[in-house]
Structure formats: C-alpha cells, structure tokens
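Below: one structure, written as structure tokens.
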2 protein chains.
Amino acid sequence: MESIAEIQRSDSAKPSTPEIDALVREIIDRVADKWTMLVLEVLEEQGTVRFTRLGELVGGVSQKMLTKTLRQMESDGLIVRTVHPVIPPHVDYQLTELGRSLSEAFCGVWLWAEKYHDAVFAARQAFRQRQRPA
Amino acid sequence: MESIAEIQRSDSAKPSTPEIDALVREIIDRVADKWTMLVLEVLEEQGTVRFTRLGELVGGVSQKMLTKTLRQMESDGLIVRTVHPVIPPHVDYQLTELGRSLSEAFCGVWLWAEKYHDAVFAARQAFRQRQRPA
DNA sequence: CTGCATCCCAAAGGATACTG
DNA sequence: CAGTATCCTTTGGGATGCAG
C-alpha cells in the first residue's frame, strides 16, 4: 500500500486521500443544495417545526421538493421526523446534533453572504458594463 | 391575512429585513452550487490555474458547466480571468480577494464533511434498515 | 394535515462537433 | 487551448388528485 503516491504530497494542506476525497465530494454535492441549506437554517432558528409551517418559512418550495429534501436530510441523519398519531396528522421536524453541527459549519457562508452581497452585486454590474462597451 | 405576525419577530438572532433576506437568499442559491464550491477549492489550493487543468483538478465536470461556472464566478467578482493573446490560447483563472473570503467561509462546511462523512453514511445505512423491517 | 403518485413542462447538464 | 453551438437525456419542479 505504501506507494510513491502517498509520499510525494507531504506538503499538502489537507491530507486528502483519493477515497476520502470522493466521500467528501459526495457530501459536498449533497449538502451544497439550496433547499437543504434553507431548511437547515429554518430549523436552526425555529427549533421544532411542522411540515406546512416549514414550507412557509422556507418559502418558494413546492411540497414535492420539500418532502424530497426532508427525506434526504432524515436519511443523512441531519433531522429527525416525528409523527404524532393523531387526527389530523401532526408531523414535526427538528435538527439532530449532526444537523446542528452542519448548520454551524454553514454559518460562515451565511455571514459571508450577508456581508458581501452588495460587493457581489457591484461586481455583477461592473461585469455587465465591461461586456457592453458601447 | 396576518396582523401580529410582523411584530413578533423582534427577538430574531439575525437582523434580517425582508429585502436583505432576499439578497442573501439569492447569493446562497448562487453560491451553494456544487461546481462553484469545487472550483473555489481548487483555485484556493492551486493559485493560478488554466482552463483545461482546472477541469482536470475539479474532476467530473463537463467543459460546458465549467465554462458556465467560471463565467458566473467572474461576473460575481470571485475570480479573475486572464487571457494571454498567444497561439495556442492561454487563459488562466485565479481568486480575487472576495473569492478567497468565500473560500474561507466555506471552509467550515469542508471540514464538516471531512469530519462527519462517516456519520452521514452510517445514518444512511441505519435509515435504510429502518425502512426495510422485513 | 401530511404526504405520495401522476402528469407535464422547463431547466440543468452531458456528449459531441466545430472554430479562432 | 479554450471555448461556442448543437443535440439529447436527466432532473427539477409546479399542479392536481387522492389516501391515511
């Protein structure tokens, strides 16, 4: 197993073996999802939330995608889904410890967006100008 | 319609006005993109990289999506695109200060993925078991 | 109320061929 | 080399109807 491949990159900042890299990639792909992040944020702020309310708070999500996203997050261990066997049905969602940790990790991006959105919009405008030189 | 709904959120941890919220949402939508994050990471680690090499390092990206992603990132002020007018053409990309700051912000998610990917996979397996009770 | 199933359309994305 | 243009497949996502 000790091939040359492992030795030659001892200066790498991250000790990413190809296999770990693939795993991490898989997670990033999954997690770098619009609805996942928004649901995560809502649950972080609101605690325990019911299905319909969650859809309202997220905003602009179809119930189809909401269901899909929630199932996926549940499968990934980010949230717990609790069904109260009453009529009418009552289902609520909340973050797991894992979910909270991801929310915290993503917080940096959120703060970045809050801090630099105007810089981004300015850059876009400048870019458009550059593309249209009369 | 709702009457009290607007007043009751003065205790929110984040001072998000509806307008800022929409802007931030827009940025998150844009930035919570698979290829954007991967390109960002490659450029963070490698510094200045050429088009083809970038595609190789990112891995699994079609040149169509790579081009699209790069254009978008350039427009958003995350990267600079430098064209060297030689034959054959030589174009390289590097992060701007803004791009580096986003990379840093996203670093938390990266570390999260590295730390918890096995927890996620375990959760998935447990979930599958739960769904197949005989 | 919560969601699954279906139909259907629009957008994302891959493969390939071609150009400066 | 660094794209653009084209075609085609996959996925996203809205609408509706229905069940528990």
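Just so it is clear, the values below take in all heavy atoms, side chains as well, and ignore hydrogens, waters and symmetry mates. Lettering of chains follows the sequences in order, A, B, ..., and the numbering in each one begins at 1.
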Mind listing the N/O atom pairs, protein and nucleotides 13-17 of chain D, below 3.5 Å?
from	atom 1	to	atom 2	distance (Å)
D:dG13	OP2	A:W35	NE1	3.3
D:dG13	N7	A:K64	NZ	2.7
D:dG13	O6	A:K64	NZ	2.8
D:dG14	OP2	A:S62	N	3.1
D:dG14	OP2	A:S62	OG	2.6
D:dG14	O6	A:K64	NZ	2.8

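Judged by distance alone, with hydrogens and angles left aside, the side-chain atoms of A:R25 form a donor-acceptor pair with the main-chain N or O of B:G59 at under 3.5 Å. In this structure a side-chain-to-backbone donor-acceptor pair under 3.5 Å is present from B:T96 to B:G77. The main-chain N or O of A:Q63 is found under 3.5 Å from a side-chain atom of A:T67 such that the two form a donor-acceptor pair.
To the nearest angstrom, C1' of D:dC1 lies 12 Å from CD of B:E56. Atoms NE2 (B:H84) and C1' (D:dC1) sit 13 Å apart, rounded to a whole Å. Residue A:R71 contributes atom CZ, which lies 17 Å from atom P of D:dG12 at whole-angstrom precision. For the pair B:L54 CG and D:dC1 P, the interatomic distance rounds to 14 Å; values are reported in whole Å. For the pair B:R50 CZ and D:dC1 P, the interatomic distance rounds to 7 Å; values are reported in whole Å.
Remark on DNA chain D: of its neighbouring residues B:R53 and A:P89, the 5'-side contact belongs to B:R53, judged by nearest-heavy-atom nucleotide.
Distance check, rounded to the nearest 0.5 Å: CE of A:M73 to CH2 of A:W35 gives 13.0 Å.
The residues A:E104 and B:K115 are annotated as not salt-bridged, no charged nitrogen and carboxylate oxygen being separated by less than 4.0 angstrom.
Nearest heavy atom pair, residue B:A105 against residue A:G108, reads CB-O, 3.5 Å. B:L23 and A:F121 make their closest contact through CG-CE1, 3.5 Å (heavy atoms, listed as atom of the first residue, atom of the second, distance). Across B:P89 and B:R50, no two heavy atoms sit closer than the pair O-NH2, 3.5 Å. In terms of heavy atoms, A:P85 sits closest to A:V83 at CD-O, 3.5 Å.
Two end axes, each from the C1' atoms of five base pairs, can be drawn for the helix from C:dC1-D:dG20 to C:dG20-D:dC1; they diverge by 40°, to 10 degrees.
Enclosure of atom CD in A:Q125 is not indicated, since only 12 or fewer non-hydrogen atoms of other residues, nucleotides or ligands lie within 6.0 angstrom.
Where DNA chain C meets chain A (any atom under 4.0 Å from a heavy atom), the bounding nucleotides read 5' to 3' are C:dC1 to C:dC7.
The aromatic rings of A:F106 and B:F106 lie perpendicular to each other, with more than 60° between the two planes, well past the 30° mark.
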